[in-house]
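These values consider heavy atoms only, across backbone and side chains, with no hydrogens, waters or symmetry-generated copies. By convention in this document, chain letters (A, B, ...) are assigned in the order of the sequence lines, proteins followed by strands, and residues within each chain are numbered from 1.
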Amino acid sequence: MAAAEVARQVRAGAGGEGCRTVPLSGHVGFDSLPDQLVNKSVNHGFCFNILCVGETGLGKSTLMDTLFNTKFEGDPASHSQPGVQLKSSTYDLQESNVNLKLTIVSTVGFGDQINKEDSYKPIVEFIDAQFEAYLQEELKIKRVLHNYHDTRIHACLYFIAPTGHSLKSLDLVTMKKLDSKVNIIPIIAKSDAISKSELTKFKIKITSELVSNGVQIYQFPTDDESVAEINGTMNAHLPFAVIGSTEELKIGNKMMKARQYPWGTVQVENEAHCDFVKLREMLIRVNMEDLREQTHTRHYELYRRCKLEEMGFKDTDPDSKPFSLQETYEAKRNEFLGELQKKEEAMRQMFVQRVKEKEAELKEAEKELHEKFDRLKKLHQDEKKKLEDKKKSLDDEVNAFKQRKTAAELLQSQAQQAGGSQTLKRDKERKK
Amino acid sequence: MSELVPEPRQKPVVPMKPVGINTSLLGYIGIDTIIEQMRKKTMKTGFDFNIMVVGQSGLGKSTLVNTLFKSQVSRKSSGWNREEKIPKTVEIKAIGHVIEEGGVKMKLTVIDTPGFGDQINNENCWEPIEKYINEQYEKFLKEEVNIARKKRIPDTRVHCCLYFISPTGHSLRPLDLEFMKHLSKVVNIIPVIAKADTMTLEEKTEFKQRVRKELEVNGIEFYPQKEFDEDLEDKTENDKIRQESMPFAVVGSDKEYQVNGKRVLGRKTPWGIIEVENLNHCEFALLRDFVIRTHLQDLKEVTHNIHYETYRAKRLNDNGGLPPMTVETEENHESNL
């Protein structure tokens with residue numbers, strides 16, 4: 001067989017750095033690549049998952065309805081929930097040729113309990129569960145990642161109650177727990193309850209509290225020139241003060257979403273009235289893709305890293321030689337197999353021992369039985385002998401009795417004869 | 001890499017500053033702007049493409065690759081000496097380039113295989129190639145399985161393999177069949193009839209038919225594979241390509257000549273100039289459009305979603321868990337278990 005050996009020679013050029021840039025002398029046509037990619041993605045469909053965290057009655061469902069221009073079903077939740085639960089619903093939206101699978105997850109009963117210590121836990125567990133599901137799928141041997149329905153939360157809208165003072169401690173605690181797991185966008189709900197001047201003070205207070213407590217909220221990316229400017233200005237307007245409404249009212253000669261009060265009408269899409277338009281711009285029109293990417297590259301990777309490290313895998317061993325997952329896995333597997341074998345051995349030993357014990361017991365029992373049998377037999381024999389003796393003696397007595405009887409009879413008969421002869425004799429004598 | 005500022009081809013559709021409220025905004029949510037967002041992102045990150053050319057010496061592989069990408073990207077141009085002897089064994093040489101067009105940056109890697117099919121005894125000469133391809137999958141798998149992963153795993157997997165068929169006019173050689181049989185399961189193979197200017201039109205059609213028949217009889221699935229057609233639209237489109245055009249009969253050239261007042265790439269012969277991009281002369285334009293303009297992304301996706309996943313599943317299954325280190329590569333200094 002011809003030895004077709006490999007003399008592989010990967011030039012430094014293929015490594016990445018050191019690649020030469022070559023000029024093109026004509027139109028090749030790969031500038032259609034982004035289009036090809038986009039077409040494929042459009043055919044595949046997009047998915048986006050929003051988590052709404054906030055106390056009951058702050059207008060979460062209404063805001064979602066307003067944002068996405070549809071009426072999502074659901075009745076308003078009651079205030080008497082025993083614990084915090086999460087309710088998720090998935091919708092398929094379509095606009096021009098884009099299919100969006102939108103999942104909205106809402107907290108039910110948040111902030112209603114008397115003891116709110118554990119309120120954040122169900123939320124954190126839910127987010128972790130989504131990451132876990134994705135991680136499991138990724139670790140499978142036969143996996144279908146490109147058709148996987150991604151349920152990881154891409155954006156978390158945190159609804160702040162419009163008190164006008166500062167953040168509640170529940171808010172701070174919850175946001176602190178969530179900031180490393182999901183992109184948090186804080187918004188001030190029902191902001192038609194606050195006047196303009198109070199609003200500016202409120203926003204400043206909130207941002208300073210968040211900063212001083214080290215809560216990392218989502219910053220709109222400013223590295224891409226085309227959106228840097230707008231994102232930069234928006235970052236300064238956080239948290240957004242929003243109003244939601246699904247009622248349409250005729251204002252001027254147009255139908256608009258608004259809320260009507262005796263003293264005036266609040267228009268949802270009027271920038272002077274509230275920041276709803278800004279939120280919609282930022283959330284959907286400018287940064288949706290970035291939110292998804294951040295979730296995947298930052299939050300998910302962090303979760304994955306922690307989870308795998310927890311399971312005992314490391315990237316470098318104590319000598320800081322690069323340690324691969326495979327080796328650790330293999331080592332762990334061997335360890336586990338070894339343990340299994342030891343257990344098996346131990347079980348086997350125990351089994352053998354038990355068998356021995358049982359055998360000994362059985363032997364004992366057998367011996368006893370034998371002994372008993374012998375004893376009984378002996379007893380039986382003794383009794384038999386006794387009986388025979390008795391019988392013999394009885395027989396002897398009977399014989400003796402018989403003899404005496406015959407002897408007695410003989411005597412009697414002799415006596416009779418003699419008596420008879422006697423009587424004869426006497427008779428004779430009389431006669432004489 | 002030089003600092004290339006991508007010039008935006010067009011301003012994004014999203015209005016920069018929200019203008020006063022109009023009814024037109026009420027019904028429109030803006031979900032379709034995600035397309036634009038995605039496009040911007042991908043243009044920023046750039047693309048990787050790795051193409052491998054396999055065929056006997058002298059079939060015009062390097063020239064064709066230069067013609068495809070309209071620049072000197074082949075091994076020849078990166079310091080190859082024409083006097084260089086044909087290697088005694090099959091070598092694998094990968095050369096990377098960065099090309100840019102219309103704001104789209106592409107890192108193109110051309111993998112050449114000098115020495116393939118050139119020895120007297122060509123048994124198993126596809127093995128080094130198969131090994132190389134599997135090594136790239138292995139590299140990717142290792143990166144993917146790391147605890148602390150890189151943001152963007154460098155993709156060195158072979159996305160497309162152009163297999164050059166010698167234009168004998170008869171049928172496929174046993175070497176061709178063997179190679180394609182082995183490799184069609186691990187990589188996307190696009191068979192190409194090289195130096196097609198040696199065949200007349202009838203010879204060409206007959207040859208192509210024979211080649212197609214032989215490939216079918218031997219069960220060789222070349223790209224686009226029938227089993228991966230996702231919907232009817234794809235199927236009809238791909239069927240047309242499979243039944244009529246493939247394998248593409250191409251002519252390559254990197255020299256320009258003046259024809260009818262235009263400068264075209266071509267080959268000058270005593271009896272005329274063969275224009276490379278003229279569809280009447282050869283099918284180069286079809287190949288170029290197919291590989292670059294319409295199916296490039298699909299090539300990458302099939303490689304990632306199907307070939308790579310098959311490799312990964314096999315690898316993980318074989319060792320009942322995770323693979324032990326038997327592959328020794330330059331970058332990793334791990335000890336074998």
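When A:Val98, A:Thr233, A:Leu302, A:Asn99 are compared by the number of non-hydrogen pairs under 4.5 Å with chain B, A:Val98 comes out ahead. Between chain A and the options B:Leu68, B:Val291, B:Ile34, heavy-atom pairs under 4.5 Å are most frequent for B:Ile34. Your options are B:Arg293, B:Lys41, B:Glu309, B:Met106, and the one with the most heavy-atom pairs under 4.5 Å with chain A is B:Arg293. The greatest number of non-hydrogen atom pairs below 4.5 Å with chain A, out of B:Arg288, B:Glu144, B:His304, is found for B:Glu144.
Contact of A:Leu93 with chain B is made through the side chain alone, with heavy-atom distances under 4.5 Å. Within the 4.5 angstrom heavy-atom criterion, no atom of B:Thr310 approaches chain A. The parts of A:Val28 that come within reach of chain B are both its backbone and its side chain, each placing non-hydrogen atoms under 4.5 angstrom from that chain.
Between atom CG of residue A:Asp31 and atom CE of residue B:Met43 there is a gap of 9.0 Å, rounded to the nearest 0.5 Å. Here B:Asp298 contributes atom CG and A:Lys40 contributes atom NZ; the two are 4.0 Å apart, rounded to the nearest 0.5 Å. The structure places CZ of A:Phe30 at 8.0 Å from CZ of B:Phe69, a figure rounded to the nearest 0.5 Å. Rounding to the nearest 0.5 Å places OG1 of B:Thr33 at 8.5 Å from CD of A:Glu281. A distance of 6.5 Å separates OG of A:Ser96 from CD1 of B:Ile35, quoted to the nearest 0.5 Å.
With contacts defined as side-chain heavy-atom distances shorter than 4.5 Å, the pair B:His295/A:Gln36 does not qualify. Under the 4.5 Å side-chain criterion, counting only non-hydrogen atoms from C-beta, B:Arg39 is in contact with A:Asp35. Using a 4.5 Å heavy-atom cutoff, the side chains of A:Asp290 and B:Gln37 are not in contact. Counting heavy atoms from C-beta on, the side chains of A:Arg143 and B:Arg312 come closer than 4.5 Å.
Atom CD of A:Glu229 has 12 or fewer heavy atoms from other residues, nucleotides or ligands within 6.0 Å. Surrounding CD of A:Glu138 are more than 12 heavy atoms belonging to other residues, nucleotides or ligands, all under 6.0 Å away.
For the pair B:Gln297 (side chain) and A:Leu37 (backbone), a donor-acceptor distance under 3.5 Å is absent.
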(Q) Determine whether B:Glu36 and A:Glu289 satisfy the following criterion, side-chain contact (heavy atoms from CB on, under 4.5 Å), listing intermediate values before the conclusion. (A) CA-CA 9 Å; B:Glu36 196 56 40; A:Glu289 186 58 29; over 6 Å; no

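The residues B:Lys44 and A:Glu293 are annotated as not salt-bridged, no charged nitrogen and carboxylate oxygen being separated by less than 4.0 angstrom.
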